[in-house]
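All chains are named by letter (A, B, ...) in the order of the sequence lines, taking the proteins before the strands, and each is independently numbered beginning at 1.
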Amino acid sequence: MKKVTNHPFAETLITWYKDHARDLPWRRTNDPYVIWLSEIILQQTRIAQGLPYFYTLTEAFPTVYDLAAADETTLFRHWQGLGYYSRARNLHKTAKHVVDMLDGKFPETYSELIKLPGVGPYTAAAIASFAFGEASPVVDGNVYRILARYFGIETDILHASARKEFTALAQELIPNSDPARFNQAIMEFGSLQCSPSPDCGSCPLISSCFAYREERVNQLPVKSKAKPQRIRHFQYFIIEQAGKVLVHQRQAKDIWQGLWEFFCVESPDLQEAINLHPFLSPLMGHAVALQAPGVHVLSHQKIISAAWLVQLPSNFKFEKPSDYQWILSSEFEQLGKPVLLLNLITDNIALKEILEG
DNA sequence: AACCCGGGGGT
DNA sequence: ACCCCAGGGTT
């Protein structure tokens, strides 16, 4: 079912986009690798936050071959601070798959792209359209917002059926001629014009917008509320001896999987932490309290933490936990850490000097 | 279908 | 304090 003429909605967006498009680096290329990399970075991430990481990563790994050959520890270190660290792991998986199984060439269709680890409906549509000109509509937070307002769609955008409904509508709207431009335009429009608190007075779609006409701009899109945050308490022990520090890489299905940290006990207070790990008891004679980070806030958790610096004499003997290892203090900088620990280090000069010389 | 996964910025 | 951000994976 080819569209001969475009929907007026699409025409207006494309016209608006000609005058308002930002000059973003991933819009200057057709390289599917660079587009893919940018899209993974931008998942649930604002452009301003992702941009420095885009420059760093494209410089460190200019091609998919470079990324596939990368050491995962190095990749995690580059991803440090960006959040949602499973993206980094899936990035590496997909790069290796593309190099090893696909001769370094990315799949060129939505239905093939979506099979890649870390590539879901949005990202597959984005790559298929931007790199290969396929008319698959992107449906991201911007698109939900614009379509819900303009067409008066009441479906809860967190409901399972929402994606299907909004995608079907977007599929009707996307032109067969330069679908990539439409996808860029609708997201840019959502970001700059039809934002969560929009400036309807300057909107080119004001005369035909359902939400504006019905005075329901601030009620659309409908989105159910997030559940309250879980409160957690972490006790950190920076155990240092003979120029080395005790660390481990978080592995459990939990926050910060793949990142590195100091000896950590999840407990509301020091005494309970010691009771849980009796080897700590004789160490505490060498411990000094560090300035604790403030409450560290994640999307669904609040982490309240405390930390002790434990500098042990060389002849001090104790049995370290089996899942922890010693590394040179100076090498800690090279590992990917949670921002909570970056803040802890920044706020404590003594710690900073141990770890950064 | 429900739940989990970061960090930062706007209001 | 709450919302949102160029979402995706697991169970």
Measure [atom1]/[X] against [atom2]/[N] and give the value in whole Å, please.
X        : N      : atom1 : atom2 : value
A:Asp156 : B:dA1  : CG    : P     : 12 Å
A:Leu192 : B:dG10 : CG    : C1'   : 14 Å
A:Ile127 : C:dG7  : CD1   : P     : 13 Å
A:Leu220 : C:dC4  : CG    : P     : 12 Å
A:Lys225 : C:dC2  : NZ    : C1'   : 8 Å
A:Leu42  : C:dG8  : CG    : P     : 12 Å
A:Arg87  : C:dG9  : CZ    : C1'   : 13 Å
A:Gln43  : B:dG6  : CD    : P     : 13 Å

Using the six-membered ring wherever Trp is involved, compare the ring planes of A:Phe234 and A:Tyr236 and label them parallel, tilted or perpendicular (cut-offs 30° and 60°).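 Perpendicular, since the angle between the ring planes exceeds 60°.
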Under 4.0 angstrom, heavy atoms only, what part of the nucleic acid is [X] near: base, sugar-phosphate, or nothing?
X        : answer
A:Ser195 : nothing
A:Gln184 : base
A:Arg89  : nothing
A:Gly50  : nothing
A:Ala126 : nothing
A:Val119 : sugar-phosphate
A:Ser86  : nothing
A:Ile40  : nothing
A:Trp79  : nothing

Measure centre to centre between the rings of [X] and [Y], then say whether the value is under 6.0 Å.
X        : Y        : result
A:Trp36  : A:Phe106 : yes
A:Phe263 : A:Phe279 : yes
A:Phe182 : A:Tyr17  : no

Ignoring backbone atoms, test whether [X] places a side-chain nitrogen or oxygen under 4.0 Å from the OP1 or OP2 oxygen of [N].
X        : N     : answer
A:Lys227 : B:dA2 : no
A:Tyr84  : C:dC5 : no
A:His300 : B:dG6 : no
A:Lys223 : C:dC3 : no
A:Gln44  : C:dC5 : no
A:Gln301 : B:dC5 : yes

For a quick check, tell me whether the side chain of A:Tyr122 and the base of C:dG7 share a donor-acceptor pair closer than 3.5 Å. no
Is there, by distance only and without an angle test, a donor paired with an acceptor across the side chain of A:Thr45 and the base of B:dG6 below 3.5 Å? yes
Looking only at the side chain of [X] (C-beta and beyond, no hydrogens), which of the listed nucleotides [options] gets closest?
X        : options             : value
A:Leu298 : B:dG7, B:dA1, C:dA6 : B:dG7
A:Arg145 : C:dG7, C:dC4, C:dA6 : C:dC4
A:Gln49  : B:dG7, C:dA6, C:dC5 : B:dG7
A:Asn90  : B:dG7, C:dG9, C:dG7 : C:dG9
A:Val339 : B:dG7, C:dC4, B:dA1 : B:dG7
A:Thr123 : C:dG8, C:dA6, B:dG7 : C:dG8

Quick one: do the A:Gln184 and A:Arg27 side chains pair a donor with an acceptor below 3.5 Å? yes
Can a donor-acceptor pair be found between the side chains of A:Gln257 and A:Tyr85 at a distance below 3.5 Å? no
Given that A:Ala160 and A:Trp256 both sit by DNA chain B, which one's nearest nucleotide is further toward the 5' end? A:Ala160
Considering Watson-Crick and G-U wobble pairs with both distances under 3.5 Å, what does C:dC5 pair with?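 For C:dC5, the partner nucleotide comes out as B:dG7, under the 3.5 Å rule.
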If you assign each of A:Asn183 and A:Lys253 to its closest nucleotide in DNA chain C, which residue comes earlier from the 5' end?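 This one resolves to A:Asn183.
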On DNA chain C, check which nucleotide each of A:Leu116 and A:Gly190 is closest to and give me the residue with the more 5' one. A:Gly190
Any side-chain to backbone donor/acceptor pair from A:Arg145 onto A:Cys194? Under 3.5 Å, distance only.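 Yes; at least one donor-acceptor contact below 3.5 Å.
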Under 3.5 Å, side chain of A:Glu134 to main-chain N/O of A:Tyr110, donor-acceptor pair present?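 Confirmed, A:Glu134 side chain pairs with A:Tyr110 backbone.
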What integer number of Å spans the [atom1] atoms of [N] and [M]?
N     : M     : atom1 : result
B:dG6 : C:dC4 : C1'   : 14 Å
C:dA6 : B:dC4 : P     : 25 Å
C:dG8 : B:dG9 : C1'   : 22 Å

